[in-house]
Protein chains: 2
Amino acid sequence: MIERSYSITELTEMFDVTSRTLRYYEELGLLNPERRGTQRLYHDRDRVRLQLILRGRRLGFGLQEISDMLSLYDADPTEVTQLQAVLQRGDAKLREIEAQIRDLEAVRAELLEVRSRLEKTLAQKQRGERE
Amino acid sequence: MIERSYSITELTEMFDVTSRTLRYYEELGLLNPERRGTQRLYHDRDRVRLQLILRGRRLGFGLQEISDMLSLYDADPTEVTQLQAVLQRGDAKLREIEAQIRDLEAVRAELLEVRSRLEKTLAQKQRGERE
DNA sequence: AAATAAGTTGACGTAAACGTAAATAAAAGA
DNA sequence: TCTTTTATTTACGTTTACGTCAACTTATTT
């Protein structure tokens with residue numbers, strides 16, 4: 001696989017975001033593009049991180065929260081106690097995620113119920129109509 | 001089951017929200033408490049709706065979006081075409097939810113991977129330590 | 001070299017979802 | 001009845017996540 005690099009507009013077009021968004025994410029330390037003089041040069045690493053960030057946004061996470069999760073990813077702690085702390089935080093986040101999945105599945109079930117109720121009503125109305 | 005009713009502070013304590021939040025939701029039409037003179041009187045119906053709203057918030061939905069979903073719940077359209085429209089909107093939302101569940105499960109899988117990686121590193125360090 | 005396009009740094013603006021404080025009214029307890 | 005307590009409306013403030021200029025600087029075309 002070849003190491004690609006991207007200009008800011010290439011990346012914005014790729015993910016349908018504005019350059020402001022990319023600069024803002026950088027301001028928060030979520031992205032760290034290389035500098036080619038004054039201009040930003042994004043690499044695959046940045047692209048992947050951006051993808052993760054945007055998925056997080058779609059899922060309703062805040063940028064600070066996303067930052068925390070990303071720090072779990074690339075954490076490489078030297079101290080054992082630090083490593084254990086990271087593990088704890090990761091587990092906590094994992095439990096949150098699992099709770100969220102359960103909640104979403106409840107929403108799904110409720111929507112399906114509503115759906116079948118509506119379909120029943122629809123069938124009745126249509127039977128009534130063709131008389 | 002007895003029909004209970006709640007004052008605004010009872011409800012806020014029940015769900016750990018402020019009265020401002022409840023009034024704001026009312027302003028947006030998400031809640032419609034009875035009025036006992038000038039004061040608000042919430043019933044079980046309101047309590048259940050509030051519960052749904054707060055779950056929606058935890059899942060990252062906006063209040064407008066939540067309002068739309070609630071309107072699916074209590075929609076009782078008279079026209080067949082309207083009913084079909086509601087069904088369509090419901091199906092669209094359902095697909096969104098399912099996509100969200102898939103994304104969340106991906107996040108879960110990634111966190112589990114990170115976790116096992118960290119545990120391996122931890123085991124190594126601990127083996128190294130007791131020498 | 002001149003013109004056009006792409007990118008940069010401020011800096012002020014904005015929508016959503018409330019927080020917070022002030023002024024006032026109504027209910028409940030002593 | 002007097003006084004806490006609870007609640008109401010009004011209105012300005014705040015945080016997050018960007019949008020939107022403006023004023024330049026740097027690259028790229030022609």
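By convention in this document, chain letters (A, B, ...) are assigned in the order of the sequence lines, proteins followed by strands, and residues within each chain are numbered from 1.
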Exercise. Does Ser19(A) make a side-chain N or O approach to OP1 or OP2 of dG7(C) shorter than 4.0 Å?
Worked result: no
Exercise. Counting side-chain heavy atoms from CB outward, which of dA26(C), dC18(D), dA6(C) is closest to Leu63(A)?
Worked result: dC18(D)
For this session: Please check if any side-chain donor atom of Glu10(A) sits under 3.5 Å from a side-chain acceptor atom of Tyr42(A), or the reverse.
Result: no
Exercise. Does a side-chain N or O from Thr9(A) land closer than 4.0 Å to OP1 or OP2 of dG7(C), or not?
Worked result: yes
Exercise. Pairs counted as Watson-Crick or G-U wobble with both distances under 3.5 Å: what dot-bracket string results for DNA chain D, using | for bases tied to another strand?
Worked result: ||||||||||||||||||||||||||||||
Exercise. How would you list all residue pairs meeting salt bridge (Lys or Arg N to Asp or Glu O under 4.0 Å) that involve residues 31-42 of chain B, not counting sequence neighbours?
Worked result: Glu26(B)-Arg35(B), Glu26(B)-Arg40(B), Glu34(B)-Arg36(B)
Exercise. Phosphate oxygens OP1/OP2 of dA7(D): is one of them under 4.0 Å from a side-chain N or O of Arg40(B)?
Worked result: no
Exercise. Base, sugar-phosphate, or nothing: which does Arg57(B) touch, judged by heavy atoms less than 4.0 Å apart?
Worked result: sugar-phosphate
Seminar exercise, completed: Between CG of Leu22(B) and P of dT20(C) the distance, given in whole Å, is 16 Å
Exercise. For the side chain of Thr38(A), counting heavy atoms from C-beta on, which of dA17(C), dA17(D), dT26(D) is nearest?
Worked result: dT26(D)
For this session: May I ask you to evaluate whether Thr21(B) reaches the phosphate of dG19(C), defined as a side-chain N or O under 4.0 Å from OP1 or OP2?
Result: yes
Exercise. Taking NZ, NE, NH1 and NH2 as the nitrogens, is one of them in Lys93(B) or Glu96(B) under 4.0 Å from a carboxylate oxygen of the other?
Worked result: yes
Exercise. OP1 or OP2 of dC18(D) sitting under 4.0 Å from any side-chain N/O of Thr18(A)?
Worked result: no
For this session: Starting from C1' on dA27(C), measure out to CD1 on Ile8(B) and report it in whole angstrom.
Result: 15 Å
Exercise. Between Thr18(B) and Thr21(B), is any side-chain donor less than 3.5 angstrom from a side-chain acceptor?
Worked result: yes
For this session: Taking only the side-chain nitrogens and oxygens of Tyr25(B), find out if one of them lies under 4.0 Å from OP1 or OP2 of dA17(C).
Result: no
Exercise. Is atom CZ of Arg58(A) surrounded by more than 12 heavy atoms (other residues, nucleotides or ligands) closer than 6.0 Å?
Worked result: yes
For this session: Specify the separation, in whole Å, of atom CD of Glu27(A) and atom P of dA11(C).
Result: 12 Å
Exercise. Base, sugar-phosphate, or nothing: which does Gly37(B) touch, judged by heavy atoms less than 4.0 Å apart?
Worked result: nothing
Exercise. Can you find a side chain N or O atom of Arg20(A) that sits less than 4.0 Å from OP1 or OP2 on dG13(C)?
Worked result: no
Seminar exercise, completed: Against the side chain of Arg23(B), the closest entry in dG7(C), dC18(C), dT8(D) is dT8(D)
Problem set entry | Most 5' of Tyr24(A) and Gln39(A) on DNA chain D, judged by nearest nucleotide | Tyr24(A)
Problem set entry | Nucleotide dA17(D), atom C1' - distance to CD1 of Ile66(A) in whole Å | 11 Å
